[in-house]
Participant: 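Below are the structure tokens for one structure; questions will follow.
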Amino acid sequence: MKRHLISAADLTRDDAVLILDTAEELARIADRPIKKLPTLRGRTVVNLFFEDSTRTRISFEAAAKRLSADVINFSAKGSSVSKGESLKDTALTLEAMGADAVVIRHHDSGAPHRLATSGWIGGSVVNAGDGTHEHPTQALLDAFTMRRHLTSGTGQDLAGRRITIVGDILHSRVARSNVHLLSTLGAEVTLVAPPTLVPFAVESWPCEVSYDLDAVIGKSDAVMMLRVQRERMNAAFFPTEREYARRYGLDGERMARMPEHAIVMHPGPMNRGMEITAEVADSPRCTAVEQVANGVSIRMAVLYLLLGGNEPAVATTRTATEESK
């Protein structure tokens, strides 16, 4: 593993499979009465969030605590950032406090890269989402979920699997990270969106682009629905919500045309009735809640590999068992 996790594009196939396999080992801890390992005891992980978050922040906090790390939660609201403090001064403050890892979510694309390469901080930096750029741990947990449903599991990649990502691709950091990671793992990725919500120069991405959901849904192994990010929009990108839902929303009729083994995914939060109907969101084929659980395992794996070492996680599991005797 490298020292930082900034972009899914930085991961090789072997890197990605190592993280997925490690997460598979660490996921077993969730079934124990005491869900803790001593791996990161004495290490400090700072959650540095400049944007609102529920799933990601809580998931990173749970992951660090299950590895026995000390966790400091930093929110820009109510901090010196609201008084005008710069990212540099915030980083220098965290460095002075001895942060071993900083998990950062920022509204500006490139902020985690700046933090990792500036020399302001000596610990590892994990990108928890930066602007419309990337969200690598979300892509990893999505790949983990797909691998559990579509392959035989440990050691496998996603070669030959057809993944369709539908919705607001233009503003989605999740879509960008998934395209990079899934293509690295051998999957065939197709993006589906209105022309106005497809990014500029998308032809350089390792994926296909379609404007017709019905044309691709019948041959998809997984369909990932993305919400329309109105908070990032400053113009009208489609006529009406009803028109968008009619052409690009996933309802029961469209889900019925998917292959029997195919799954429906959503990174959350959902806009029920727009990109996904309640019928689909609550169906057994929808993995949205499972993705949240898998997110803790993936983030445990990332923190373990960045801070704990490159040994298989199962060795740590045995050590923890021996210590408990």
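The structure presented is a predicted model; accordingly, all values stated were derived computationally and were not measured.
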Participant: Do His261 and Leu150 make a side-chain contact, defined as non-hydrogen atoms from C-beta onward lying under 4.5 Å apart?
Facilitator: yes
Participant: How far apart are the C-alpha atoms of Leu5 and Leu11, what are their side-chain angles, what is the distance that settles it, and do they pass the side chain to side chain contact (heavy atoms under 4.5 Å, CB included) test?
Facilitator: CA-CA 8 Å; Leu5 179 58; Leu11 298 173; 4.0 Å; yes
Participant: Would Glu243 and Arg247 pass as an ion pair if we require N to O under 4.0 Å?
Facilitator: no
Participant: Would the distance check show the side chain of Ser172 and the main-chain N or O of Ile169 forming a donor-acceptor pair, the cut-off being under 3.5 Å?
Facilitator: no
Participant: Side chain of Asn271, backbone of Met274: donor and acceptor closer than 3.5 Å?
Facilitator: no
Participant: Looking at Asp282 and Arg272, does any basic side-chain N land under 4.0 Å from a carboxylate oxygen?
Facilitator: yes
Participant: Between Arg66 (side chain only) and Ala30 (backbone N and O only), is there a donor and an acceptor less than 3.5 Å apart?
Facilitator: no
Participant: Checking Ser220 now: which residues fulfil side-chain contact (heavy atoms from CB on, under 4.5 Å) with it, not counting sequence neighbours?
Facilitator: Thr164, Val223
Participant: Looking at His106, is its backbone amide N or carbonyl O close enough to the side chain of Asp130 to form a donor-acceptor pair, meaning the two atoms are under 3.5 Å apart?
Facilitator: no
Participant: Any donor and acceptor pair, going by atom type alone, linking the side chain of Arg32 with main-chain N or O of Arg28 inside 3.5 Å?
Facilitator: no
Participant: Where is the tightest heavy-atom contact between Ser68 and Pro38, given as atom of each residue plus distance?
Facilitator: OG-CA, 3.6 Å
Participant: Which donor-acceptor pairs under 3.5 Å do side chains of residues 199-209 form with protein atoms, sequence neighbours excluded?
Facilitator:
{"from": "Ser204", "atom 1": "OG", "to": "Ala201", "atom 2": "O", "distance (Å)": "2.8"}

Participant: Please report the closest heavy-atom contact between Met265 and Thr287, naming both atoms and the distance.
Facilitator: CG-OG1, 3.5 Å
Participant: Assign the ring pair Phe50 / His107 to parallel, tilted or perpendicular, where the plane angle (0 to 90°) is split at 30° and 60°.
Facilitator: perpendicular
Participant: Could you check if a side-chain atom of Leu303 sits within less than 4.5 angstrom of a side-chain atom of Thr39, using non-hydrogen atoms only?
Facilitator: no
Participant: Just wondering, more than 12 heavy atoms not from His113 lying within 6.0 Å of its NE2?
Facilitator: no
Participant: Do the side chains of Glu275 and Arg254 get close enough for a salt bridge, i.e. N-O under 4.0 angstrom?
Facilitator: no
Participant: Does any donor atom in the side chain of Ser7 or Asp10 lie under 3.5 Å from an acceptor atom in the other side chain?
Facilitator: no
Participant: Evaluate the salt bridge (charged side-chain N to carboxylate O under 4.0 Å, His left out) criterion for residues Asp15 and Lys2: first the C-alpha distance (whole Å), next the side-chain angles of each, then the deciding distance (0.1 Å), finally the verdict.
Facilitator: CA-CA 9 Å; Asp15 289 335; Lys2 301 171 178 66; 3.0 Å; yes
Participant: Once you round to the nearest 0.5 Å, how far does CZ of Arg13 lie from CG of Leu18?
Facilitator: 11.5 Å
Participant: Would you check if the side chain of Glu188 reaches a backbone N or O of Ile163 as a donor-acceptor pair within less than 3.5 Å?
Facilitator: no
Participant: Going by heavy atoms in the side chains, are Val102 and Val45 under 4.5 Å from each other?
Facilitator: no
Participant: Going through the distances and angles, do Met146 and Leu182 end up as a side chain to side chain contact (heavy atoms under 4.5 Å, CB included)?
Facilitator: CA-CA 10 Å; Met146 291 177 202; Leu182 295 176; 3.8 Å; yes
Participant: Please check if any side-chain donor atom of Ser59 sits under 3.5 Å from a side-chain acceptor atom of Arg299, or the reverse.
Facilitator: yes
Participant: Tell me, do Arg285 and Ile263 make a side-chain contact under 4.5 Å, heavy atoms counted?
Facilitator: no
Participant: Verify side chain to side chain contact (heavy atoms under 4.5 Å, CB included) between Met300 and Val302, making sure each step is shown before the conclusion.
Facilitator: CA-CA 6 Å; Met300 285 177 72; Val302 168; over 6 Å; no
Participant: With a 4.5 Å cut-off on side-chain heavy atoms, are Leu181 and Leu185 touching?
Facilitator: yes
Participant: Taking atom types as modelled, find out whether His266 and Gln291 have a side-chain donor-acceptor pair closer than 3.5 angstrom.
Facilitator: no
Participant: Suppose we screen for side-chain contact (heavy atoms from CB on, under 4.5 Å). Which residues come up paired with Arg114, at least two apart in sequence or across chains?
Facilitator: Ser118, Trp120
Participant: Would you name the heavy atoms of Ala8 and Ser177 that are closest together and state the gap between them?
Facilitator: CB-O, 3.5 Å
Participant: Below 4.5 Å, heavy atoms only, C-beta onward: do Ile217 and Val166 meet side chain to side chain?
Facilitator: no
Participant: Identify the two heavy atoms, one from Val125 and one from Pro112, that lie closest to each other, and give their separation to 0.1 Å.
Facilitator: CG1-O, 3.8 Å
Participant: As an exercise, state the distance from CG of Leu250 to CG of Leu213, rounded to the nearest 0.5 Å.
Facilitator: 7.0 Å
Participant: Answer yes or no: is there a donor N or O on one side and an acceptor on the other, between the side chain of Asp221 and the main chain of Arg162, under 3.5 Å?
Facilitator: yes
Participant: Is there a path of hydrophobic side-chain contacts, each under 4.5 Å between heavy atoms of I, L, V, M, F, W or Y residues, that connects Ile58 with Ile298?
Facilitator: no
Participant: Compare every heavy atom of Ala91 with every heavy atom of Leu115, then report the nearest pair and how far apart it is.
Facilitator: CD1-CB, 3.3 Å
Participant: Would you say Arg257 has more than 12 foreign heavy atoms packed within less than 6.0 Å of its CZ?
Facilitator: yes
Participant: Quick one: pull up CG in Asp168 and CG in Leu197 and give me the separation to the nearest 0.5 Å.
Facilitator: 4.5 Å
Participant: Would Leu37 end up clustered with Val71 when hydrophobic side chains under 4.5 Å apart are linked, directly or stepwise?
Facilitator: no
Participant: Same cluster for Val292 and Val264 if Ile/Leu/Val/Met/Phe/Trp/Tyr side chains link at under 4.5 Å?
Facilitator: no
Participant: Please give me the minimum heavy-atom distance between His4 and Gly123, naming the atom from each residue.
Facilitator: CE1-O, 3.4 Å
Participant: Please check if any side-chain donor atom of His135 sits under 3.5 Å from a side-chain acceptor atom of Asn127, or the reverse.
Facilitator: no
Participant: With heavy-atom distances below 4.5 Å as the criterion, would you say the side chains of Leu141 and Thr137 are in contact?
Facilitator: no
Participant: For Tyr304, which of Ile19, Leu40, Leu67 qualifies under side chain to side chain contact (heavy atoms under 4.5 Å, CB included)?
Facilitator: Leu67
Participant: Does the Asn178 side chain pair with the main chain of Val174, one donor and one acceptor, at a distance under 3.5 Å?
Facilitator: yes
Participant: Run the side chain to side chain donor-acceptor pair (under 3.5 Å) test on Asp142 and Thr145 for me, step by step, so that the C-alpha distance in whole Å, both residues' side-chain angles and the decisive distance to 0.1 Å come before the verdict.
Facilitator: CA-CA 5 Å; Asp142 291 339; Thr145 304; 5.4 Å; no
Participant: Given the rule that I, L, V, M, F, W and Y join up when any side-chain heavy atoms are under 4.5 Å apart, are Val179 and Val198 in one cluster?
Facilitator: yes
Participant: Would a hydrophobic clustering, with Ile, Leu, Val, Met, Phe, Trp and Tyr connected at side-chain separations under 4.5 Å, put Tyr211 with Leu226?
Facilitator: yes
Participant: Is Arg105 close enough and on-axis enough to Phe49, meaning under 6.0 Å and within 45°, for cation-pi?
Facilitator: no
Participant: Are there over 12 heavy-atom neighbours, none belonging to Lys88, within less than 6.0 Å of that residue's NZ?
Facilitator: no
Participant: Pair Glu134, His180 - check side chain to side chain contact (heavy atoms under 4.5 Å, CB included), show working.
Facilitator: CA-CA 10 Å; Glu134 282 219 38; His180 289 307; 3.5 Å; yes
Participant: Is there a side-chain contact between Glu241 and Val228 in this structure, where contact means two heavy atoms from C-beta onward sitting under 4.5 Å apart?
Facilitator: no
Participant: Under 3.5 Å, is there a donor-acceptor pair between the Arg3 and Ser124 side chains?
Facilitator: no
Participant: Applying side chain to side chain donor-acceptor pair (under 3.5 Å) to Glu61 and Asn73, what does each step give before you reach the verdict?
Facilitator: CA-CA 8 Å; Glu61 182 176 358; Asn73 288 316; 3.1 Å; yes
Participant: Can a side-chain donor-acceptor contact be found between Ser297 and Asn294 if the only test is distance below 3.5 angstrom?
Facilitator: no
Participant: Is Arg148 salt-bridged to Glu290, cutoff N-O under 4.0 Å?
Facilitator: no
